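Below is one structure; the comments refer to it alone.
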Number of protein chains: 2
Amino acid sequence: MAFADYYGRLFEGVDEVIVGELERVSVCRSLEPHGYLFDQYSQARGVYVLEQGVIMIERSSAAGRRQILGFSYPGDFVGLTHDGSFEYSVRSLTQALVREFPIAVFRRLSDASPQLKANVNRIGGSVLAHAIDQVFALGQKRAHERVCYLLAEIRRRGVGPDENTVELAMTRQDIADYLGLTMETVSRAMRRLSDDGIIDMPGPQTVNLIEPAAVLRLGSVKGD
Amino acid sequence: MAFADYYGRLFEGVDEVIVGELERVSVCRSLEPHGYLFDQYSQARGVYVLEQGVIMIERSSAAGRRQILGFSYPGDFVGLTHDGSFEYSVRSLTQALVREFPIAVFRRLSDASPQLKANVNRIGGSVLAHAIDQVFALGQKRAHERVCYLLAEIRRRGVGPDENTVELAMTRQDIADYLGLTMETVSRAMRRLSDDGIIDMPGPQTVNLIEPAAVLRLGSVKGD
DNA sequence: CGCCGTATTGAAACACCTCAATGCAGGTGG
DNA sequence: CCACCTGCATTGAGGTGTTTCAATACGGCG
């Protein structure tokens, strides 16, 4: 069943009746590049699963500074919120398609399905794990190491033709706002990695990992 | 009932029978200053509630770099883990007392008590919110702003004799490892805030917020 | 008193940022 | 089809904030 396949992480092991009902009440929304799925001041209307495209989760401050919290790829669940209001915005990098599940129905069904609730919690746990990784990267790593952290992360997501080719859907500015740098520093850091023979860049959006082990080592945010 | 009072955030609204059983199987552990409650390579044996003292959550890398992820005060729940193994260590700053709940019993009872499970999820949500705040602070803020972020955070916790007096249980090095700075930079940033008349430091561990509004503004990691 | 860990302060080095110029590719209009 | 514009990426030069290394001060405790 294509639907459940697609939303495997969210619907894994969930009763088909529940999944069917969610499918029925869901709507598909299309997003233009740079369009908002929702913003950080709004109340949660639904939860979402990304079907196509790449989106980013970001938080902006009154001072106009922007921190990107993560990038999401097809199959990812977004819109996790605890108090019902988002503390971040979600915008699309590319043309994108998302499936929206009304929050009330989703809550009701996840109360009815322990498995669905467990899946949501599992996803919440991985979101937290990711945030902690990012804290470590921003707190302890130099520019070129942070770039490797991002490259390793995207590689792990398995987008791109093979496991050592990374396609960057985002601009240098987006990368900079994710890693707490400026886009010039990101550009120079990538140049440096390229000069060192660790990566190769046939174009600005494509990175070949020549020495994947070095990328993983430089980007590592774990204890071992 | 003192027990439930103390663990209000975790046991709020939870059936007394459940709370009683948890109390019965719990053990109290004492921690020396700088002692480990558990480390990032261990399997989760239990979940914990801090009774006395101040502890820190930290992650260390193979390269010997340390990132502090947060500080916890009495009443805080720690040991949240998702896959059963910790990705961080918890150490005590001061002499401390924690109550340990064996993980198996805790899991069984939280399966039995939707309210307890909801409380754990709520705490998990606030942990995530905190991590996101820290990402923003590390990615977008200068040294003196990051210090204000920490001061505002501790102030909000309400430790200290009055709301504008902040007692720092941690050393400058701990603060530095929390904010992604060096201890010298922390020291200079605090000096600058003091020179600007925003704070006053009668001693290294005590900070009076002369202009709390300025501290909050400089340390703000939210959109408004 | 003298030791030791912590905190502060200073000077110099360095990483990153800022500002500015150039290059490059895609899209539009002449 | 080419000229031109526009947005993004790169590169350079100079400035700034943070780090590094080193010296000094402070405070608790033997």
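Since this is a predicted model, take the numbers as computed values, not measurements. Each chain gets a letter, A, B and so on, in the order its sequence line appears, and its residues count up from 1.
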Using whole Å, report how far CZ of Arg191(A) lies from P of dC16(C). 17 Å

From the list Leu93(A), Val159(A), Leu168(A), Ile154(A), side chain to side chain contact (heavy atoms under 4.5 Å, CB included) partner of Val54(A) resolves to Leu93(A)

Can you tell me the distance, in whole Å, between the CE atom of Met201(A) and the P atom of dA9(D)? 11 Å

By nearest atom, which of the nucleotides dT18(C), dT10(D), dC16(C) is closest to the Thr182(A) side chain? dT18(C)

Check this for me: Arg45(A), atom CZ, are more than 12 non-hydrogen atoms of other residues, nucleotides or ligands nearer than 6.0 Å? no

Could you check how far CZ of Arg146(B) sits from P of dG17(D), rounded to whole Å? 14 Å

Base, sugar-phosphate or nothing for Gly180(A)? Non-hydrogen atoms, less than 4.0 Å. sugar-phosphate

Mapping Arg188(B) and Gln173(B) onto DNA chain C by nearest heavy atom, which one lands closer to the 5' end? Gln173(B)

Base, sugar-phosphate alone, or nothing: which one does Thr185(B) contact when heavy atoms must sit under 4.0 Å apart? base

Verify whether one side chain among Arg172(A) and Ser187(A) offers a donor that lies under 3.5 Å from an acceptor in the other. no

Starting at atom CG of Leu138(B), determine the distance to atom P of dT18(D), rounded to an integer number of angstrom. 13 Å

Out of dT10(D), dC16(C), dT6(C), minimum distance to the side chain of Ala143(A) belongs to dC16(C)

If you check the Ser187(A) side chain, which of dT18(C), dA9(D), dT10(D) turns out closest? dT10(D)

Using a cut-off of less than 4.0 Å, is there contact between a side-chain N or O of Gln205(A) and OP1 or OP2 of dC8(D)? no

Would you mind checking if Glu184(A) and Arg191(A) are paired as a salt bridge, meaning a charged N to carboxylate O distance below 4.0 Å? no

Which nucleotide sits closest to the side chain of Leu181(A): dT18(C), dT20(D), dC16(C)? dC16(C)

Whether the side chain of Glu184(A) and the base of dC19(C) hold a donor-acceptor pair under 3.5 Å is what I'd like checked. yes

Just checking, any donor-acceptor pair under 3.5 angstrom between side chains of Glu87(A) and Gln40(A)? no

Selection from dT10(D), dT8(C), dT6(C) that lies nearest to any side-chain heavy atom of Met183(A): dT10(D)

Spacing between Leu179(A) atom CG and dC16(C) atom C1', to the nearest angstrom: 14 Å

When the distance from CE of Met170(B) to P of dT6(C) is rounded to whole Å, what number comes out? 14 Å

Atom-pair distance (CG on Asp195(B); C1' on dT8(C)), nearest Å: 12 Å

Separation of dG7(D) C1' from Arg172(A) CZ (nearest whole Å): 14 Å

